[in-house]
Amino acid sequence: GTNAIRYNWHVVSENGKYAQYFWGLTSDSLPLTALSNNTTYKVQVQTECDAGKSNWSDYAVFKTFDRGASCLAIDEAFIVI
């Protein structure tokens, strides 16, 4: 049979005020909301299937910055998977 791959995500801000775990997601992408302006975030991903779990990935780092009151942009983002 085919194993369904699930993804576990850990997202934390550099100052530790935003720390979230997302478990058992079946999508390889994750929309993040309520991010603060001018803040550095770190993301780890772990894959999980019937055979077990992988190790957590190295942290990927991205930084949000202020582009005006109504827009939050991402700088220096890269993919971890």
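Keep in mind that what you see is a predicted model, and the values were worked out from it rather than measured.
- For Tyr59 against Lys42, the heavy-atom pair with the smallest separation is CD2-CB, 3.2 Å.
- Contact check for Arg6 versus Trp23: no side-chain heavy atoms found under the 4.5 Å cut-off.
- Listed by chain and number, the residues in a side-chain hydrogen bond (donor to acceptor under 3.5 Å, both in side chains) with Thr39 amount to none (sequence neighbours excluded).
- A 4.5 Å side-chain heavy-atom check between Tyr41 and Val61 finds every atom pair outside the cut-off.
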Residues 15-22 side chain polar contacts: donor-acceptor under 3.5 Å, at least two apart:
from: Asn15; atom 1: OD1; to: Ser13; atom 2: OG; distance (Å): 2.7
from: Asn15; atom 1: OD1; to: Lys17; atom 2: N; distance (Å): 2.9
from: Tyr18; atom 1: OH; to: Thr33; atom 2: O; distance (Å): 3.3

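- Between the CD atom of Gln46 and the NE2 atom of His10 there is a distance of 11.5 Å, given to the nearest 0.5 Å.
- Note on Ile5: it clusters hydrophobically with Trp9, by side-chain heavy-atom contacts below 4.5 Å among ILVMFWY residues.
- Taking both residues in full, the closest heavy atoms of Asn8 and Glu48 are given as ND2-OE1, 3.0 Å, listed atom of the first, atom of the second, then distance.
- When atom types are taken as modelled, the side chain of Ser54 and the backbone of Thr47 share a donor-acceptor pair closer than 3.5 angstrom.
- In terms of hydrophobic clustering, with Ile, Leu, Val, Met, Phe, Trp and Tyr side chains grouped at heavy-atom distances under 4.5 Å, Phe62 and Trp56 are assigned to different clusters.
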